[in-house]
Amino acid sequence: MADLRAESEPLLSRARGGSGRDCPAGSAACRGVRGGPGARSTRDLCFDQAAVFIEDAIQYRSINHRMDARSMGLYRLYYSNVSQWILSFTIFLILFLAFIETPSSLTSTADVRYRSAPWDPPCGLTESVEVLCLLVFAADVSVKSYLVGWAQFRMNLWLLAYLAVLVVSLMDWIVSLSLVCQEPLRIRRLLRPFFLMQNSSLMKKTLKCIRSSLPEMASVLLLLVVHLCVFTMFGMLLFTGKKQGDGQDRERLMYFHNLPEALTSLLVLLTTANNPDVMTPAYSKNRAYAIFFIVFTLIGSLFLMNLLTAIIYNQFRGYLMKSFQTSLFRRRLGARAAYEVLSSTIAEGEAHPQEVGVKPQDFLQVLQKVQLDSSHKQAIMEKVRSYGGDLLSADEFQKLFNEFDKRVIKEPPPRPEYPSPFLQSAQFFFSHRYFDYLGNLIALGNLLSISVFLVVDADVLPEDRDDFILGILNCVFILYYLLELLLKVFALGLPGYLAYSSNVFDALLTIVLLVLEISTLAVYRFPHPGWKPEMLGLLSLWDMARLVNMLIVFRFLRIIPSVKLMAVVASTILDLIRNMRAFGGILVVVYYIFAIMGINLFRGVIVAPGNGSLAPDNSSATCGSFEQLEYWANNFDDFAAALITLWNVMVVNNWQVFLDAYGRYSGPWSKIYFVLWWLVSSVIWVNLFLALILENFLHKWDRCSHLQSLAGDPDTTCQGRVELLFRDVLEEPAEEELMEKLSHHPHLPLCR
């Protein structure tokens with residue numbers, strides 16, 4: 001009951017004017033708290049609330065959740081690293097079950113000609129793991145529902161859908177057990193990707209952007225459909241005249257035999273996958289026929305498809321910016337809520353009772369409770385101490401949260417000090433960047449020597465090769481790498497050397513090379529003319545040493561920061577890798593759903609010749625067909641094979657082979673499945689990915705150029721999260737808007 005009273009009592013109060021609620025007499029407001037056990041517990045509750053609000057602001061989370069002591073403990077436990085890791089592992093586990101469930105992917109090959117009978121798990125094995133995962137999700141939705149409250153739960157469509165998916169999955173699980181796992185269709189497998197989507201706020205934003213962009217995409221897709229239909233009709237009329245030459249007959253029979261075939265041929269030509277094959281029969285008889293195909297490609301591939309890319313980029317950028325505006329509002333709202341809680345701890349008996357603000361010592365005390373890495377904590381503490389003992393205003397308090405987005409650069413450990421001038425000069429030389437350039441040059445020589453010998457020995461049998469010269473060169477290069485390592489440790493000290501990730505990589509590489517070289521010399525003795533290490537297993541020890549040597553090429557990545565354009569491109573790639581969770585998650589979802597659909601539709605359709613299959617023998621198969629190209633491993637007989645097949649179709653190289661083969665083996669309706677997959681993966685998702693790359697690169701290029709012009713340092717680099725892409729153009733929410741939103745907090749009333 002105490003917790004419920006604490007939640008219902010207004011813990012936020014405000015001395016300045018406004019149109020909020022009035023504080024009732026005797027309320028447990030934080031402002032005006034005096035000494036005593038009750039005051040101490042109220043003060044601790046205020047500090048805990050501020051810590052939770054700060055964590056919400058850092059992670060761009062909503063603050064509309066219960067704020068009593070017990071609920072906050074459960075809230076922080078739910079968002080702890082351990083709980084989130086368990087939830088993420090559960091999501092991974094339930095998605096991974098598709099590789100083990102019937103039909104199992106546990107075979108060495110997917111080729112129907114050579115694949116052995118897969119292992120099918122007994123009924124109840126994967127179902128037991130699955131029900132444990134569903135129980136974790138049930139606990140997850142229960143905790144979320146409790147924390148936001150019943151009123152918020154009823155308005156949250158994602159939570160309602162979460163509950164519905166769980167209920168359907170459990171019912172389908174019960175049906176599976178009742179039918180001894182022999183049911184023809186498992187609906188819950190199609191619903192599993194939902195668990196991945198609902199756990200990522202950024203993925204939800206991306207999905208919302210895609211949904212909002214669909215009307216504009218549909219307008220261009222409609223133009224594409226009209227374009228296809230017009231040229232299909234024109235093509236069928238053009239290639240089905242009464243007096244037909246050999247070229248027209250071949251064109252008609254191969255590509256324009258009927259309306260579906262003509263549509264398919266031109267659709268594939270839209271992706272240029274069958275160019276110039278589709279044009280060659282008619283063009284070989286008359287040059288004029290090339291005009292038809294060139295005009296079609298110009299309008300469809302070069303104009304309409306690029307127009308679609310431009311529309312997707314523009315709409316994606318607009319809607320994504322709106323969603324990030326919401327994220328910025330959440331951060332500012334969480335920060336303002338923390339400020340209101342902490343500013344209300346000022347005693348009324350102070351010298352300036354009318355002054356409202358946050359005591360720096362109170363904020364530092366709250367900061368110790370916040371789940372945050374130590375480097376950012378230290379940076380913020382230094383920022384707070386720079387204000388002295390003055391109260392932090394609301395604007396200063398908000399600016400502190402900008403420190404969370406900054407990349408904290410750790411100072412390298414101090415270098416060792418040597419009394420001798422000679423040693424000091426040596427230390428200066430071996431710690432200079434020119435010494436790194438020398439190491440890169442030596443590594444280039446190592447790489448070139450390996451490449452030259454690989455080219456020279458390409459046509460020589462392994463048993464006839466003489467590796468004497470290459471063996472000597474490898475010994476010399478490895479000795480240099482070891483010497484470089486020791487000299488850098490001498491110049492920088494061991495802590496300073498290990499402070500750079502490039503040095504750690506070089507050290508590990510050198511140690512591996514040294515161990516392999518010593519093992520080689522111990523087994524095969526020192527290189528001599530006619531030296532031929534034996535082949536032991538897949539690779540000889542000598543071949544392993546040469547393969548590890550190839551990793552030296554990564555040493556050249558250190559030259560990237562010195563070239564502005566390369567630095568921006570490399571930084572963009574690294575940021576994309578860091579921020580690809582949402583976009584990669586969307587791709588995982590569509591891959592998963594289409595793979596499960598493909599298994600249900602096409603499992604067992606592709607059968608090897610000689611096993612009751614209608615497929616012709618390879619010798620009699622049409623040139624360029626599924627059978628002649630031996631695409632037997634591209635099937636939907638298990639989940640792993642389905643993923644690879646979908647990938648090959650997404651690349652659209654030779655995807656007409658898949659359309660033709662599955663059209664012959666399962667029926668013409670199969671083309672609808674593959675065309676839908678092409679639209680979702682190659683058209684929509686790839687263009688979204690392109691939009692992200694463009695926005696990230698342009699933002700980074702402009703921002704880095706601006707910072708470099710201000711700093712006067714060409715080596716200035718920029719890195720950030722995807723939420724920061726539009727930070728420069730986002731509007732800061734007004735104070736009145738924040739206070740209005742806080743006044744309607746469902747679990748923490750604001751008194752003014």
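Please read all numbers here as calculations on a predicted model, not as lab measurements.
Between Y662 and F658, the ring center distance fails the sub-6.0 Å criterion.
To the nearest 0.5 Å, atoms CG (L160) and CE (M155) are separated by 10.5 Å. Rounded to the nearest 0.5 angstrom, L298 CG and F296 CZ are separated by 11.0 Å. In this structure, CD1 on I299 lies 12.0 Å from CD1 on I294, to the nearest 0.5 angstrom. To the nearest 0.5 Å, atom CG of residue L166 and atom OG of residue S142 are 8.5 Å apart. The CG atom of L237 sits 11.0 Å away from the OG1 atom of T232 when rounded to the nearest 0.5 Å. A distance of 14.5 Å separates NZ in K671 from CH2 in W678, rounded to the nearest 0.5 Å.
Considering only heavy atoms from C-beta on, L207 stays 4.5 Å or farther from V589 through its side chain. In this structure the side chain of P103 never reaches within 4.5 angstrom of the side chain of D637, judged on heavy atoms. For the pair R115 and D638, the minimum side-chain heavy-atom distance is below 4.5 Å. The shortest distance between side-chain heavy atoms of E127 and W173 falls below 4.5 Å. By the 4.5 Å heavy-atom criterion applied to side chains, K144 and Y78 are counted as neighbours. In this structure the side chain of V112 never reaches within 4.5 angstrom of the side chain of V607, judged on heavy atoms. Proximity of Q656 to T264: side-chain heavy atoms (C-beta onward) are nowhere separated by under 4.5 Å. Proximity of V168 to R188: side-chain heavy atoms (C-beta onward) are nowhere separated by under 4.5 Å.
Without hydrogens or angle criteria, N654 side chain to V657 main chain gives no donor-acceptor distance under 3.5 Å. Proximity of a side-chain donor or acceptor of N635 to a complementary backbone N or O of I606 within less than 3.5 Å is not detected. Side-chain N or O atoms of K204 include one that pairs as donor or acceptor with a backbone N or O of Q198 at under 3.5 Å. A side-chain donor-acceptor contact under 3.5 Å links W677 to the backbone of L646. Distance alone, capped at 3.5 Å, places no donor-acceptor pair between the S83 side chain and the Y79 backbone. In this structure, D140 contributes its side chain and V136 its backbone to no donor-acceptor pair below 3.5 Å. N687 contributes a side-chain N or O that, together with a main-chain N or O of V683, makes up a donor-acceptor pair within less than 3.5 Å. Not one N or O on the side chain of N274 forms a donor-acceptor pair closer than 3.5 Å with the backbone of D277. Using a distance-only test at 3.5 Å, with no hydrogens or angles considered, no donor-acceptor pair links the side chain of N199 to the main chain of S88. Distance alone, capped at 3.5 Å, is enough to place a donor-acceptor pair between the S682 side chain and the M650 backbone.
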- Take W158 and Y162 through the ring pair (Phe, Tyr, Trp, His ring centres under 6.0 Å) test and state the conclusion after the steps. CA-CA 6 Å; W158 279 101; Y162 196 179; 9.5 Å; no
- Query: Could you go step by step and tell me if F231 and L269 meet the side-chain contact (heavy atoms from CB on, under 4.5 Å) rule?
  - Reply: CA-CA 12 Å; F231 273 82; L269 180 60; over 6 Å; no
- Task: Take F674 and F602, measure what ring pair (Phe, Tyr, Trp, His ring centres under 6.0 Å) needs, and give me the verdict at the end.
- Result: CA-CA 12 Å; F674 288 102; F602 307 118; 5.8 Å; yes
- Checking side-chain contact (heavy atoms from CB on, under 4.5 Å) for the pair Y146/F153: CA distance, chi angles, key distance, verdict? CA-CA 8 Å; Y146 168 75; F153 174 77; over 6 Å; no
- Task: Take R189 and E130, measure what salt bridge (Lys or Arg N to Asp or Glu O under 4.0 Å) needs, and give me the verdict at the end.
- Result: CA-CA 10 Å; R189 297 183 73 181; E130 186 177 15; over 6 Å; no
- So W655 and L267, side-chain contact (heavy atoms from CB on, under 4.5 Å) or not? Walk me through it. CA-CA 11 Å; W655 74 299; L267 176 62; 4.2 Å; yes
- Message: Evaluate V268 against V278 for side-chain contact (heavy atoms from CB on, under 4.5 Å), listing each step before the verdict.
- Response: CA-CA 9 Å; V268 175; V278 68; over 6 Å; no
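Between I599 and A642, the shortest heavy-atom distance links the atoms CG1-CB, 4.2 Å. Summarising the geometry of I187 relative to D172, their closest heavy-atom pair is N-OD2, 3.3 Å, with the distance given to 0.1 Å. Across every non-hydrogen atom of P121 and T102, the tightest pair is CD-OG1, 3.9 Å. Heavy-atom minimum distance, T107 versus S116: CG2-O, 3.8 Å. A pairwise comparison of heavy atoms in G124 and C181 identifies N-SG, 4.0 Å as the closest pair. Of all non-hydrogen atoms in S301 and L270, the two that sit nearest each other are OG-O, 2.6 Å.
For the pair R192 and Y592, the cation-pi criterion (under 6.0 Å, within 45° of the ring axis) is not fulfilled.
Counting heavy-atom neighbours within 6.0 Å of F303 CZ, excluding the residue itself, gives a total of 12 or less.
Using bins of under 30°, 30° to 60° and over 60° for the plane-to-plane angle, the ring pair F89/F92 lands in the tilted bin. Classified by interplanar angle (parallel below 30°, tilted 30° to 60°, perpendicular above 60°), the ring pair Y673/F594 is tilted.
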